[in-house]
Amino acid sequence: MILLSTLMFSLMAVLAKLMGGTIPFLEIVFFRSFFALPVVVLIAVRNRATLRTRRFRGHLGRACTGQAATCCMFFSATVLPLGEQQALTYGTPIFATLLAIPFLGERPGPHRWAAVGIGFLGILVIALGPGLLGQPRIAPPGLAAWVMAAGYVAAVGHGVFAAGTTLLVRQLSATESSATIVLWQSLLMTGISALALPFVWVAPTPSEWLLLLGVGMVGGIGQLLSTEAYASAQVSSLGPYTYTALLWAALFGWVFWGDVPGVTMLLGAALIVTAGLYILQREMRRRARPAAA
């Protein structure tokens, strides 16, 4: 289920990129949430979840960080090569380690700080690209260059906001079920994204309506599969499999846009994945100590 979930999320990025030249990314964000609602309601019904909560502000904060992460993901997907975009968005464990210091009072040890440094090195390797090897980087002209630079910032920003979402979910899960969290997330994100819709609306063509429907459906199915997977197995056993998204991104980028991963992209991705897996291993080991005691 986690492998299929990863494939669904990769396909969602492909569909968003196919519309990036004509449909504003904020409009794509809305339909991602709106068309996924039936799947989310199915999750809620299966788990007998309700909207009853005493922590609405926590759900609202989680929806805002999730919305920001989704916006960053879709925007960066429309302007960057798919492989680079996917690799940069996997900085979540790195930023979660940093944000846990002020928000949760955690104190990372030297091993985690080393992993954070390796992860940031991977981000720099991808962002600087062929220049590190003494090769000229072919930059798009004029405004397109600034848009691409904003895409790199957004891809890294996705990791920051997704990390914030992770910490908020960790706090909410102390009193709320995962199904309730997902239900509130989808309803609030749909409402928040609808506020921007009148200002960016572009009427989709029939084929674009199908792509928008596909974004919502594959995203919702991916969410369902991910929820079921994490309810059935430990995070530590599933985490490594989510990095198969990099393989799908490289394949889809080559098939649809002729993007061939370069040496710096592969090296940077390897550094980010290594850092993420190491942080995950340390997190599971840390949680295992109180349980064993």
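Keep in mind that the numbers below use all heavy atoms, side chains included, and drop hydrogens, waters and symmetry copies.
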Side-chain heavy-atom pair Arg32, Met12 within 4.5 angstrom cut-off: yes
Side-chain hydrophobic cluster, 4.5 Å single linkage: members besides Ile181: Val169, Leu172
Tyr241 (side chain) donor-acceptor with Thr6 (main chain) under 3.5 angstrom: no
Side-chain touch Ile101/Pro108, heavy atoms, less than 4.5 angstrom: yes
Residue pair Ile221 / Leu225, side-chain heavy-atom distance below 4.5 Å: yes
Qualifying residue, where the test is side-chain contact (heavy atoms from CB on, under 4.5 Å) with Arg55 and the options are Thr180, Thr175, Leu60: Thr175
Where Ala77 and Ala13 come nearest, the two heavy atoms and their spacing: CB-O, 4.3 Å
Spacing of Met73 atom CE and Phe161 atom CZ [to the nearest 0.5 Å]: 14.5 Å
Whether Phe31 and Trp209 hold their rings parallel, tilted or perpendicular, with breakpoints at 30° and 60°: perpendicular
Closest approach of Cys71 to Leu26 (non-hydrogen atoms, all atoms of both residues): SG-CD2, 3.7 Å
Passing option when Phe25 is tested against Phe30, Phe74, Phe75 for ring pair (Phe, Tyr, Trp, His ring centres under 6.0 Å): Phe75
Single-linkage hydrophobic cluster Leu80~Ile123, side-chain heavy atoms < 4.5 angstrom: yes
Side chains of Leu212 and Leu15 in contact at under 4.5 Å (non-hydrogen atoms): no
Separation of Phe95 CZ from Thr166 OG1 (nearest 0.5 Å): 12.5 Å
Closest contact, heavy atoms only, Leu98 versus Pro102: O-CD, 3.2 Å
Same cluster (ILVMFWY, side-chain, under 4.5 Å), Val218 and Phe256: yes
Check against side chain to side chain contact (heavy atoms under 4.5 Å, CB included), Met148 and Val79: CA-CA 6 Å; Met148 178 170 282; Val79 300; 5.6 Å; no
Point-to-point distance, once rounded to the nearest 0.5 Å, from CG of Leu271 to OG1 of Thr264: 11.0 Å
Ring pair (Phe, Tyr, Trp, His ring centres under 6.0 Å) partners for Phe56, two or more places apart: Trp184
Those residues that, when tested against Trp257, pass side-chain contact (heavy atoms from CB on, under 4.5 Å) (two or more places apart): Val14, Lys17, Leu18, Leu82, Asp259
Between OG1 on residue Thr22 and CD1 on residue Ile28, distance to nearest 0.5 Å: 7.5 Å
Heavy-atom side-chain proximity of Leu187 to Leu51 below 4.5 angstrom: yes
Non-hydrogen atoms of Arg52 and Glu176 that approach each other most closely: O-OE1, 4.5 Å
Residue pair Ala16 / Thr78: nearest heavy atoms and the distance that separates them: O-CG2, 3.7 Å
Glu27 side chain vs Val202 backbone, donor-acceptor pair below 3.5 Å: yes
Within-4.5 Å side-chain heavy-atom neighbours: Tyr243 and Leu277: yes
Side chain proximity check, Leu246 to Val273, heavy atoms < 4.5 angstrom: yes
Shortest non-hydrogen contact from Gln67 toward Ser193: NE2-CB, 3.0 Å
Leu4 reachable from Val215 in the ILVMFWY side-chain graph, under 4.5 Å edges: yes
Apart from Met265 itself, residues in the same hydrophobic cluster as defined by side-chain heavy atoms under 4.5 Å: Leu266
Cluster link Val41 to Met8, ILVMFWY, side chain under 4.5 Å: no
Gln223 side chain vs Gly220 backbone, donor-acceptor pair below 3.5 Å: no
N/O donor-acceptor pair under 3.5 Å between Thr274 side chain and Ala270 backbone: yes
Verify same cluster id: Leu247, Ile272 (apolar side-chain graph, 4.5 Å): no
Residue pair Ser76, His158: steps toward the side chain to side chain contact (heavy atoms under 4.5 Å, CB included) verdict: CA-CA 9 Å; Ser76 60; His158 171 274; 5.8 Å; no
Any donor-acceptor pair under 3.5 Å from Ser186 side chain to Leu183 backbone: no
Check against side-chain hydrogen bond (donor to acceptor under 3.5 Å, both in side chains), Glu84 and Tyr152: CA-CA 9 Å; Glu84 292 186 11; Tyr152 282 110; 2.5 Å; yes
Within 6.0 Å of CZ in Phe34, more than 12 heavy atoms from elsewhere: no
Any residue meeting ring pair (Phe, Tyr, Trp, His ring centres under 6.0 Å) with Tyr278, in chain and number order, not counting sequence neighbours: none
Verdict with supporting geometry, Leu11 and Phe252, side chain to side chain contact (heavy atoms under 4.5 Å, CB included): CA-CA 8 Å; Leu11 286 172; Phe252 292 142; 3.7 Å; yes
Nearest-0.5 Å distance, CG of residue Leu88 to CD1 of residue Ile126: 4.5 Å
Euclidean distance, Ile23 CD1 relative to Glu208 CD, rounded to 0.5 Å: 4.0 Å
Cluster companions of Leu210 among Ile, Leu, Val, Met, Phe, Trp, Tyr (side-chain spacing under 4.5 Å): none
Audit row: His59, Gln185, side chain to side chain contact (heavy atoms under 4.5 Å, CB included) steps and yes/no: CA-CA 7 Å; His59 288 291; Gln185 167 206 339; over 6 Å; no
